Amino acid sequence: MEWSETPILLMKENITLPDYILVDFKADSVRRLYPPGIWNELIATFTFQRLYGFYILQVYVPAYISVFISWVSFYLGPSNIPSRTTVGVNSLLALTFQFGSVVSNLPKTSDVKAIDVWILSSMAFIFASLIELAVVGFMVRDGKQTVIMCKCSWLCMRCPNWTATKLDTASSILFPTFFVIFNIWYWFFFLGSVST
């Protein structure tokens, strides 16, 4: 038995699934050894493109908002530790809930997916802002301002004394900068790997 030249016939022009669009398909015929003899085998390959609209609205935008909200605590000042804690913890809880609802709808695989990298990295940024909050809380405990002396000459030449206010100011610049760098890497890496 020989397969015809075009063994796949599409009855419909635009085939779509809820999350995918059929981009390409091809069929190859190979000869395989089976116990009763050598037989032709048809290999059909379908290429689908994922639709991103759902994920942008349900995952990426809420994650951006949660990370941005966690940075609000840098501007509340060192004296508002309870308010800052509430903002940071609520951001982390909101993102954790969002991650749980998204993961429940994805296939169960042991591979690391791009969405896993995104959510876990966003959680890491929020967690780092909570760590910064803990350091600021340590520096202003008991109503006294603690000054940390920096002895790294190459790192702290201009500012050897760190106060809670200076740490908040530095964090309000460094956190968004590193988040932008992460975004550039993330989108170039994962969108670049999709197109190839």
Side-chain angles (χ1 to χ4, degrees), residues 14-24 46-140 162 164-196:
N14 294 328
I15 296 179
T16 59
L17 295 170
D19 286 347
Y20 302 97
I21 295 175
L22 180 65
V23 175
D24 191 22
F46 297 93
T47 305
F48 290 92
Q49 181 180 9
R50 183 182 294 276
L51 298 172
Y52 295 109
F54 171 79
Y55 296 101
I56 298 240
L57 290 175
Q58 297 296 321
V59 177
Y60 290 102
V61 170
Y64 274 117
I65 291 170
S66 294
V67 171
F68 294 162
I69 286 173
S70 74
W71 297 340
V72 169
S73 68
F74 302 145
Y75 301 99
L76 293 178
S79 60
N80 292 325
I81 298 297
S83 311
R84 294 177 67 165
T85 305
T86 303
V87 168
V89 169
N90 283 342
S91 297
L92 190 60
L93 289 175
L95 194 60
T96 304
F97 175 76
Q98 186 68 25
F99 184 52
S101 66
V102 167
V103 167
S104 66
N105 294 327
L106 292 175
K108 308 290 186 255
T109 63
S110 60
D111 298 332
V112 177
K113 298 177 281 303
I115 206 159
D116 296 334
V117 172
W118 176 260
I119 294 287
L120 293 175
S121 298
S122 297
M123 283 181 181
F125 275 99
I126 295 173
F127 185 74
S129 72
L130 287 172
I131 296 296
E132 190 268 351
L133 169 65
V135 172
V136 168
F138 174 77
M139 293 173 81
V140 296
W162 282 88
T165 306
K166 283 185 183 178
L167 184 60
D168 278 340
T169 304
S171 296
S172 68
I173 295 168
L174 290 175
F175 274 73
T177 303
F178 284 123
F179 193 66
V180 166
I181 292 168
F182 165 72
N183 270 274
I184 291 169
W185 170 82
Y186 178 85
W187 293 108
F188 274 109
F189 182 80
F190 286 109
L191 287 182
S193 64
V194 167
S195 62
T196 56

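Since the model is a prediction, treat every value here as computed from it, not as a measurement.
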Q | Mutual orientation of the aromatic rings belonging to W185 and F189 [parallel < 30°, tilted 30-60°, perpendicular > 60°] | A | parallel

(Q) Please give me the minimum heavy-atom distance between V117 and F182, naming the atom from each residue. (A) O-CZ, 4.3 Å

(Q) Heavy-atom count check: over 12 atoms from other residues, nucleotides or ligands less than 6.0 Å from F68 CZ? (A) yes

Q: State the CG-OG distance between N80 and S73, to the nearest 0.5 angstrom.
A: 10.5 Å

Q: Quick one: do D116 and F99 satisfy side-chain contact (heavy atoms from CB on, under 4.5 Å)? Show the steps, please.
A: CA-CA 8 Å; D116 296 334; F99 184 52; 3.8 Å; yes

Q: Find the distance between CG (L92) and OG (S122) and round it off to the nearest 0.5 Å.
A: 11.0 Å

Q: Can you see which heavy atom on I56 is nearest to which on P62, and at what distance?
A: O-CD, 4.4 Å

Please table the atom pairs, donor to acceptor, closer than 3.5 Å between any side-chain atom in residues 123-136 and protein atoms at least two apart or in another chain.
{"from": "S129", "atom 1": "OG", "to": "I126", "atom 2": "O", "distance (Å)": "2.6"}
{"from": "E132", "atom 1": "OE1", "to": "R84", "atom 2": "NH2", "distance (Å)": "3.1"}
{"from": "E132", "atom 1": "OE2", "to": "S171", "atom 2": "OG", "distance (Å)": "3.4"}

Q) What distance separates L120 CG from I115 CD1, expressed to the nearest 0.5 Å? A) 10.5 Å

Q: Can you run down the side-chain hydrogen bond (donor to acceptor under 3.5 Å, both in side chains) pairs that involve residues 85-96, sequence neighbours left out, and say none if there aren't any?
A: none

Q: Look at the rings of Y186 and Y60 and say which category their plane angle falls in: under 30° parallel, 30 to 60° tilted, over 60° perpendicular.
A: tilted

Q: Rounded to the nearest 0.5 Å, what's the gap from CH2 on W118 to CG on N183? Could you check?
A: 4.0 Å

(Q) Ignoring hydrogens, what is the shortest heavy-atom contact between I69 and V87? Give both atom names and the distance. (A) O-CG1, 3.2 Å

**Q.** Within 6.0 angstrom of F138 CZ, more than 12 heavy atoms from elsewhere
**A.** no

Q | P78 and T165, any side-chain heavy atoms less than 4.5 Å apart | A | yes

Q: Indicate the atoms forming the closest heavy-atom contact of Y75 with S172, along with that distance.
A: OH-CB, 3.4 Å

